[in-house]
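Chain A is the first sequence line, chain B the second, and so forth, proteins listed ahead of strands; every chain is numbered from 1.
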Protein chains: 2
Amino acid sequence: MATIKDVAKLAGVGLGTASRVINQSGYVSEATKKKVEDAIAELGYVPNETARAFVTQDNRIVALFLPSIHHAFFSELAYFIEDELDKNDYKMMLCNSSNQIEKELSYINMLKQNKVSGIIGISYNQIEKEINNSMPIVLVDRHIGEIPYVSSDNYAGGEMAFQVLRDSGCKQVAYIGTYTKTILTEVEKRKKGFENAAKESGLDYTLYLEEDPIKDQTVFLNQFLTKHKNVDGVFVENDLMALELVQLALEKNIKVPEELSVIGYDGIQRYGALRPKLSTIRQPVEVMGRSLVDLLIKRINGFSVTPAIHPVDYLKGETTR
Amino acid sequence: MATIKDVAKLAGVGLGTASRVINQSGYVSEATKKKVEDAIAELGYVPNETARAFVTQDNRIVALFLPSIHHAFFSELAYFIEDELDKNDYKMMLCNSSNQIEKELSYINMLKQNKVSGIIGISYNQIEKEINNSMPIVLVDRHIGEIPYVSSDNYAGGEMAFQVLRDSGCKQVAYIGTYTKTILTEVEKRKKGFENAAKESGLDYTLYLEEDPIKDQTVFLNQFLTKHKNVDGVFVENDLMALELVQLALEKNIKVPEELSVIGYDGIQRYGALRPKLSTIRQPVEVMGRSLVDLLIKRINGFSVTPAIHPVDYLKGETTR
DNA sequence: ATGAAAGCGCTAACAA
DNA sequence: TTGTTAGCGCTTTCAT
């Protein structure tokens with residue numbers, strides 16, 4: 001493997017000069033530039049990125065940790081994050097934390113080890129003590145200290161879901177979702193927005209919750225259908241759960257949306273081809289992904305940033321009237 | 001940030017000694033070991049991984065490039081690859097190539113730049129000229145020169161799909177899929193297996209193909225349903241397409257599986273909750289993911305390896321009789 | 001068993 | 001505009 005030294009020697013110039021033309025920094029005359037470029041071509045020289053990262057203390061790698069890439073919303077988000085990082089000449093390292101705090105911490109540790117320049121994290125663990133405001137970290141749906149975060153407007157989404165159900169004539173609505181005892185995420189606001197809107201309107205509502213992670217989602221949802229036969233409109237925490245609820249309802253010969261309206265949250269594109277098409281509150285995944293990268297890069301470069309909360313919209317499918 | 005130099009100084013030992021206890025290499029007396037460990041604890045020393053990677057010429061990062069993580073089968077595969085890499089103390093860099101050859105080549109280039117130790121690639125481009133047998137690369141479903149690859153037993157899968165359709169009484173079967181003019185992938189063997197089995201049995205069969213990438217899958221599938229009303233059993237190249245075919249058939253009031261049996265390929269777990277449940281030829285995704293990592297690590301360490309072809313099985317759902 | 005020193009390939013500060 | 005040089009933090013000989 002040819003090194004920059006070989007290039008300099010062959011071109012008959014100094015090390016620094018060779019470095020300058022390679023990095024297009026500083027002044028170099030056209031003549032010497034040509035000489036160096038020829039030498040590079042002749043040797044097939046490729047800069048050693050590891051050496052470069054070592055000396056500049058910046059490797060242009062960003063870590064993304066999330067519960068599991070094996071989940072439609074996350075993989076969609078990861079797609080856009082990678083795309084935006086690539087545009088900014090960063091590489092993306094991916095870690096399925098499986099919600100294990102050790103794995104998340106090991107990535108946070110990589111920041112100290114200089115192995116990554118920054119982190120985008122989706123975490124439902126108590127990582128408060130391990131991170132601080134000076135680290136280049138951006139979180140999704142999670143508000144910890146001054147760490148910047150990105151989320152969709154969960155509260156407005158909850159309100160919106162309620163409005164849709166009420167406007168379509170539902171008399172008895174419910175929210176189905178999860179909660180955690182240990183941490184507080186922005187996701188809870190979906191429930192709050194829904195609940196407050198319901199209270200305000202005076203309509204009867206039910207909260208059907210189970211602690212995350214749910215052991216058996218099918219059992220959980222079937223139980224809901226059995227216990228709450230009077231409910232005619234449901235807002236479900238996420239699309240995947242909503243989709244299963246719809247299927248289970250249909251199996252029980254409950255007509256959707258005639259007898260039961262269902263709204264999900266996320267707006268996962270991939271499910272668009274499925275029938276019945278789910279009505280949902282759509283998060284602007286692409287915007288969120290790019291926004292995360294934007295904020296993170298600013299943090300890496302030492303700028304301070306503020307959280308970004310992105311508006312959601314209602315995507316009507318076939319599961320609401 | 002404390003360096004190994006600080007550690008050595010505080011512990012009152014030489015640089016090399018400090019390095020030895022950190023890496024648990026060479027001989028160190030218990031006494032000095034303790035001194036160094038104390039110093040590390042006191043300083044909160046963390047090794048700079050970039051420096052380490054630089055000097056050892058090995059950064060323990062593996063790149064995975066695939067068309068898009070935003071695709072169920074790939075994200076499932078990526079999940080297991082990451083998991084297995086993590087067990088072997090490697091990190092995974094992820095790249096959505098979007099089938100752009102430039103992006104794939106830029107990753108291959110990272111091998112030369114020392115930015116990654118190896119590559120796992122899913123590529124449908126002509127990258128033959130850019131890679132060679134000495135590079136630590138493993139491919140999925142693609143046989144190029146002596147580059148090792150991993151795939152499911154596509155040929156057997158095709159045969160299996162045919163047998164299922166025939167055994168359930170189908171009289172007129174078809175294969176629906178894509179083809180490429182420029183390259184040859186193992187995926188084509190799904191069609192070959194199916195076709196040969198059909199020929200052998202003497203049953204009438206149709207091949208319904210379009211060049212990849214398909215512009216509008218819905219149009220493509222609807223056209224099939226319109227043109228081939230006599231077909232009563234279909235093997236579709238992948239689950240996603242099969243799933244859409246089922247939905248489109250149902251919309252046209254074609255009864256599945258009574259009037260039309262459908263079998264997909266992949267066996268994506270996440271779709272298991274959807275109804276009707278798709279019958280499919282399942283690839284052992286987890287085994288394949290771990291196998292990819294296993295082969296790659298052997299390559300990185302200079303061992304030669306042979307391709308791994310993994311058996312598939314038939315997963316009966318509700319779309320076949 | 002341990003310390004000193006060389007060197008990995010590169011960038012950047014400095015001098016010329 | 002260019003060449004020289006000093007590190008970056010670490011591992012690894014090589015003496016001792």
Side-chain angles (χ1 to χ4, degrees), chain A residues 1-40 43-61 89 109-117 301, chain B residues 1-40 43-61 89 109-117 301:
Chain A
M1 246 339 15
T3 72
I4 196 173
K5 220 168 159 180
D6 302 322
V7 172
K9 198 189 299 169
L10 181 60
V13 300
L15 253 186
T17 306
S19 174
R20 260 167 251 141
V21 352
I22 289 162
N23 296 292
Q24 316 192 36
S25 65
Y27 303 97
V28 197
S29 75
E30 276 306 313
T32 50
K33 189 174 164 194
K34 173 104 179 52
K35 283 195 293 183
V36 174
E37 280 165 350
D38 289 349
I40 289 173
L43 293 168
Y45 167 77
V46 180
N48 182 325
E49 287 296 326
T50 304
R52 203 177 244 173
F54 170 52
V55 51
T56 59
Q57 307 262 49
D58 177 17
N59 55 18
R60 301 194 80 81
I61 297 176
D89 209 23
N109 206 37
M110 282 168 52
L111 225 37
K112 298 179 195 148
Q113 297 173 154
N114 244 302
K115 193 145 182 166
V116 297
S117 305
N301 295 321
Chain B
M1 243 349 4
T3 71
I4 196 173
K5 219 168 161 181
D6 301 322
V7 171
K9 200 189 300 171
L10 181 61
V13 302
L15 254 186
T17 308
S19 173
R20 259 166 253 140
V21 352
I22 289 161
N23 295 292
Q24 316 191 37
S25 64
Y27 303 97
V28 197
S29 75
E30 276 306 313
T32 50
K33 189 176 166 193
K34 172 106 180 55
K35 282 195 292 182
V36 174
E37 279 166 351
D38 288 348
I40 288 173
L43 293 169
Y45 167 76
V46 181
N48 183 325
E49 287 296 325
T50 303
R52 204 177 244 175
F54 170 52
V55 53
T56 60
Q57 306 264 50
D58 176 17
N59 56 18
R60 303 195 79 82
I61 297 176
D89 209 22
N109 205 36
M110 284 169 51
L111 226 37
K112 298 178 194 151
Q113 298 172 153
N114 243 300
K115 193 146 182 164
V116 297
S117 305
N301 295 322

Per-nt protein contacts along nucleotides 11-16 of chain C (heavy atom under 4.0 Å; B base, S backbone sugar-phosphate only, - none) come out as BBB---
To the nearest 0.5 Å, atom NZ of B:K33 lies from atom CD of B:E37 at 5.5 Å
Do A:R52 and A:I22 pass the side-chain contact (heavy atoms from CB on, under 4.5 Å) test, and can you show the C-alpha distance, the side-chain angles, and the key distance before you say yes or no?
-> CA-CA 12 Å; A:R52 203 177 244 173; A:I22 289 162; 3.4 Å; yes
(Q) Measuring only between side-chain heavy atoms, which start at C-beta, is B:I4 closer than 4.5 Å to B:L15? (A) yes
With sequence neighbours left out, the residues meeting side-chain hydrogen bond (donor to acceptor under 3.5 Å, both in side chains) with A:N301 are none
Taken in chain and number order and not counting sequence neighbours, the residues that satisfy side chain to side chain contact (heavy atoms under 4.5 Å, CB included) with B:T56 are B:D58
Chain A reaches DNA chain D, atoms under 4.0 Å from its heavy atoms, from D:dT1 to D:dG9
Overall bend of the helix from C:dA1-D:dT16 to C:dA16-D:dT1 (five pairs an end, 10° steps) is 40°
What one should report as the nearest heavy-atom pair of B:V36 and B:A18 is CG1-CA, 4.2 Å
Rounded to the nearest 0.5 Å, the NZ atom of B:K112 sits from the CG atom of B:N109 at a distance of 5.0 Å
**Report entry** Flag side-chain contact, heavy atom, 4.5 Å: A:T50 against B:Q57
**Finding:** no
| query | If we only count heavy atoms from C-beta on, is the B:V28 to B:T17 side-chain gap below 4.5 Å? | reply | yes
Atom CD of A:Q57 and atom P of C:dG9 are separated, to the nearest Å, by 19 Å
So CD1 of B:I61 and CE of B:M110: to nearest 0.5 Å the spacing works out to 7.5 Å
Discussion item. Using side-chain heavy atoms (C-beta onward) and a distance below 4.5 Å, is A:V21 in contact with A:T32?
Written reply: no
Closest heavy-atom pair, B:S117 versus B:L111, reported as atoms and distance to 0.1 Å, is C-CD1, 4.0 Å
Of all heavy-atom pairs linking A:A39 and A:V7, the shortest is CB-O, 3.7 Å
Here the residues of residues 26-36 of chain B within 4.0 Å heavy-atom distance, strictly under, of DNA chain C are B:Y27, B:V28, B:S29, B:T32
To the nearest angstrom, the CG-P distance between B:N59 and C:dG9 comes to 15 Å
